[in-house]
Amino acid sequence: QVQLVESGGGLVQAGGSLTLSCAASGSIFSINAMGWYRPAPGKQREFVALIPTGGRTDYADSVKGRFTISRDNAKNTVYLQMNSLKPEDTAVYYCHARIQRVATGGTNNYWGQGTQVTVSS
């Protein structure tokens with residue numbers, strides 16, 4: 001089994017900062033990518049930030065220059081540093097990981113339970 005556990009959400013005033021964390025645990029051979037998503041109109045979830053293993057980080061246009069995604073590979077943990085937060089950033093943020101559980105298998109998608117970020121004006 002694989003579990004993603006998120007933390008770090010909370011209430012912050014516009015212009016403030018929060019850092020989200022997500023730790024993957026369980027049967028993991030490798031993690032191909034980790035990222036963060038949030039709900040959006042007309043979508044179940046929208047991409048916020050992505051950090052592939054061995055690849056370049058990527059961000060939604062709405063958060064570029066404000067959010068920074070990083071990973072601690074030894075701990076299978078991904079972080080999202082959120083600066084200059086705006087009320088429109090208010091959402092439940094979901095951690096995502098694409099994980100290869102065994103060397104001979106393919107990858108599967110896993111999701112965290114979500115952590116609430118609320119930005120007041």
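A quick note: this is a predicted structure, and the numbers were derived from the prediction, not measured.
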Distance-only donor-acceptor pairs under 3.5 Å for side chains of residues 55-62, two or more places apart:
{"unit_1": "Y59", "atom_1": "OH", "unit_2": "I69", "atom_2": "N", "d": "2.9"}
{"unit_1": "D61", "atom_1": "OD1", "unit_2": "K64", "atom_2": "NZ", "d": "3.2"}
{"unit_1": "S62", "atom_1": "OG", "unit_2": "R38", "atom_2": "NH2", "d": "3.3"}

Side-chain donor-acceptor pairs under 3.5 Å in residues 114-121, sequence neighbours left out?
{"unit_1": "T115", "atom_1": "OG1", "unit_2": "G9", "atom_2": "N", "d": "3.2"}
{"unit_1": "Q116", "atom_1": "NE2", "unit_2": "A91", "atom_2": "O", "d": "3.4"}
{"unit_1": "Q116", "atom_1": "NE2", "unit_2": "T118", "atom_2": "OG1", "d": "3.3"}

Evaluate side-chain contact (heavy atoms from CB on, under 4.5 Å) for L20 paired with Y79, printing each intermediate quantity in order. CA-CA 5 Å; L20 307 182; Y79 305 91; over 6 Å; no

Between T107 and R101, does the side-chain contact (heavy atoms from CB on, under 4.5 Å) criterion hold? Intermediate values first, please. CA-CA 7 Å; T107 59; R101 296 184 64 187; over 6 Å; no

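Among residues at least two apart or in separate chains, there is no salt bridge (charged side-chain N to carboxylate O under 4.0 Å, His left out) pair with a member in residues 107-121. Annotation: salt bridge (charged side-chain N to carboxylate O under 4.0 Å, His left out) contacts involving residues 71-85, sequence neighbours excluded, are absent. Among residues at least two apart or in separate chains, there is no salt bridge (charged side-chain N to carboxylate O under 4.0 Å, His left out) pair with a member in residues 104-121. Sorted by first then second residue, the disulfide bond (SG atoms under 2.5 Å apart) pairs that include residues 13-121, not counting sequence neighbours, are C22-C95. The side chain to side chain donor-acceptor pair (under 3.5 Å) contacts involving residues 6-25 comprise S17-N83, where partners must be two or more places apart or lie in separate chains.
For Y37, the ring pair (Phe, Tyr, Trp, His ring centres under 6.0 Å) partners two or more places apart in sequence, or in a different chain, are H96, W111. Taking N32 as the reference, nothing meets the side-chain hydrogen bond (donor to acceptor under 3.5 Å, both in side chains) condition, with sequence neighbours excluded. Partners of N108 by side-chain contact (heavy atoms from CB on, under 4.5 Å), not counting sequence neighbours, listed by chain and number: Y110. Evaluation of the side-chain hydrogen bond (donor to acceptor under 3.5 Å, both in side chains) rule for S84 yields no partner, not counting sequence neighbours. When the side-chain hydrogen bond (donor to acceptor under 3.5 Å, both in side chains) test is applied to Q3, no partner is found at least two apart in sequence or on another chain.
How far CG of L50 is from CE of M34: 10.5 Å, rounded to the nearest 0.5 Å. A distance of 13.0 Å separates CD in E46 from OH in Y94, rounded to the nearest 0.5 Å. Interatomic distance, T53 OG1 to N73 CG, rounded to the nearest 0.5 Å: 6.0 Å. Note that the CD1 atom of I51 and the CG atom of L80 stand 10.5 Å from one another [nearest 0.5 Å].
No donor-acceptor distance shorter than 3.5 angstrom exists from the side chain of Q81 to the backbone of L18, with no hydrogens or angles considered.
In terms of heavy atoms, I31 sits closest to A24 at CD1-CB, 4.1 Å.
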